[in-house]
Asks: 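Before we start, here is the structure in question, set down as structure tokens.
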Amino acid sequence: MHVPAAPADVILALRAAGCVFAEDEAALLLEAAAGDSARLDALVAQRVAGTPLEYLLGWVEFRGVRVGVRPGVFVPRQRTAFLVEQAVAGVAPGTAQACVVDLCCGCGALGLTAATELTARGCAVELVAADIDPVAVACARENLAPLSAPVFGGDLFDALPGDLRGRIDVLLANTPYVPSERVADMPPEAREHEPLVALDGGADGLDVFRRVADGAASWLAPGGTVLVETSTGQVDTACAVLAEHGLVPRVEHSEEYYATVVLGTRHPGS
């Protein structure tokens with residue numbers, strides 16, 4: 001099927017607004033407009049004004065899957081695909097079933113892709129997600145409906161059903177890790193459009209992480225692992241926090257994704 005090229009003026013407008021991948025974005029906006037020139041003009045105007053591209057499209061591609069997003073929901077970063085990669089790799093081949101929880105789930109992209117990939121390997125996945133933001137909860141429910149995965153609203157572990165305690169094999173926790181004083185330095189797309197609760201990690205960026213680590217030991221199954229994305233400068237502190245809570249820490253870096261993931265595993269015999 002022939003896909004029409006985006007008008008040159010659209011590409012120029014996006015370039016002038018600082019869009020690095022103006023041609024790609026123009027093509028996606030053209031697709032979203034579905035032949036309606038007035039709609040295209042409106043989308044371009046919003047993009048030039050700084051609205052995140054993903055909000056205009058209504059989706060983000062994450063690990064090869066189009067995941068629905070909506071205004072006011074944190075847009076999953078491509079580097080976070082490394083966290084999912086580590087989570088899936090941590091489930092031994094041949095594992096018959098696994099309980100996976102996506103905490104601070106946002107749109108549910110991490111849980112969706114992790115469960116999809118594990119299922120493709122023949123592992124039966126019990127997936128549960130939770131977030132404190134009602135907008136995120138509604139978005140995640142739509143994305144996870146095909147998997148019949150429940151999404152709960154509430155503050156971290158308080159949102160989860162009690163019968164999950166001690167049964168979680170994989171705990172994905174994409175907690176905010178930007179120090180409060182650095183939020184103002186983030187790109188306008190993030191700080192002006194995404195929820196602050198998904199960005200601001202407190203004084204050193206690890207406030208929410210500490211609360212996750214505190215609860216993880218009792219919610220993880222023996223041998224279960226919590227995975228959290230951090231910056232390289234936060235690794236030592238994060239590992240110390242995990243160790244303080246009886247978890248065995250490990251750090252994985254990816255040059256490909258420019259990402260760092262800290263993992264904490266509950267000892268199999270505990």
Asks: If you count every heavy atom of other residues, nucleotides or ligands that lies below 6.0 Å from Gln78 atom CD, does the total exceed 12?
Replies: yes
Asks: The criterion is salt bridge (charged side-chain N to carboxylate O under 4.0 Å, His left out); which residues satisfy it with Arg210, sequence neighbours excluded?
Replies: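 So Arg210 forms a salt bridge (charged side-chain N to carboxylate O under 4.0 Å, His left out) with Asp204, Asp207.
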Asks: Take Glu126 and Val100, measure what side-chain contact (heavy atoms from CB on, under 4.5 Å) needs, and give me the verdict at the end.
Replies: CA-CA 6 Å; Glu126 177 187 1; Val100 177; over 6 Å; no
Asks: Identify the two heavy atoms, one from Ala259 and one from Arg79, that lie closest to each other, and give their separation to 0.1 Å.
Replies: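 Closest pair (atom of Ala259, atom of Arg79, distance): CB-O, 3.5 Å.
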Asks: Strictly below 4.0 Å, N to O, side chains only: are Arg77 and Glu194 in salt-bridge contact?
Replies: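 Yes, Arg77 and Glu194 are salt-bridged.
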Asks: Answer yes or no: does atom CD of Glu23 have more than 12 heavy-atom neighbours from other residues, nucleotides or ligands under 6.0 Å?
Replies: yes
Asks: So which heavy atom on Cys99 is nearest to which on Arg167, and how close?
Replies: CB-O, 3.3 Å
Asks: Donor-acceptor pair, distance only, cut-off 3.5 Å: does the side chain of Arg63 make one with the backbone of Ala81?
Replies: yes
Asks: If we ignore angles and hydrogens, is there a donor and acceptor under 3.5 Å between the side chains of Thr260 and Thr232?
Replies: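 Thr232 and Thr260 do not have a side-chain donor-acceptor pair below 3.5 Å.
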Asks: Answer yes or no: is there an ion pair linking Arg182 with Asp185, defined by an N-O contact shorter than 4.0 Å?
Replies: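 Yes, Arg182 and Asp185 are salt-bridged.
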Asks: Please confirm whether the backbone N or O of Tyr177 pairs with a side-chain atom of Gln234, one donor and one acceptor, at under 3.5 Å?
Replies: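 Yes, the answer is positive, given that a donor and an acceptor are paired below the 3.5 Å cut-off.
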Asks: Report, as yes or no, whether the 6.0 Å neighbourhood of atom CG on Asp236 holds more than 12 heavy atoms from other residues, nucleotides or ligands.
Replies: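 Open: at most 12 neighbouring heavy atoms sit under 6.0 Å from CG of Asp236.
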Asks: For a quick test of reading the model, state the closest non-hydrogen atom pair linking Leu112 to Val65 and the distance between them.
Replies: CD2-CG1, 4.1 Å
Asks: Would Leu172 and Val101 satisfy side-chain contact (heavy atoms from CB on, under 4.5 Å), going step by step from the backbone distance to the final call?
Replies: CA-CA 6 Å; Leu172 305 163; Val101 170; over 6 Å; no
Asks: Can Arg250 and Thr265 be counted as having a side-chain donor-acceptor contact under 3.5 angstrom?
Replies: no
Asks: Return the set of residues passing side chain to side chain contact (heavy atoms under 4.5 Å, CB included) with Asp133 (not counting sequence neighbours), or none when no residue passes.
Replies: Asp131, Val135, Ala136, Pro195
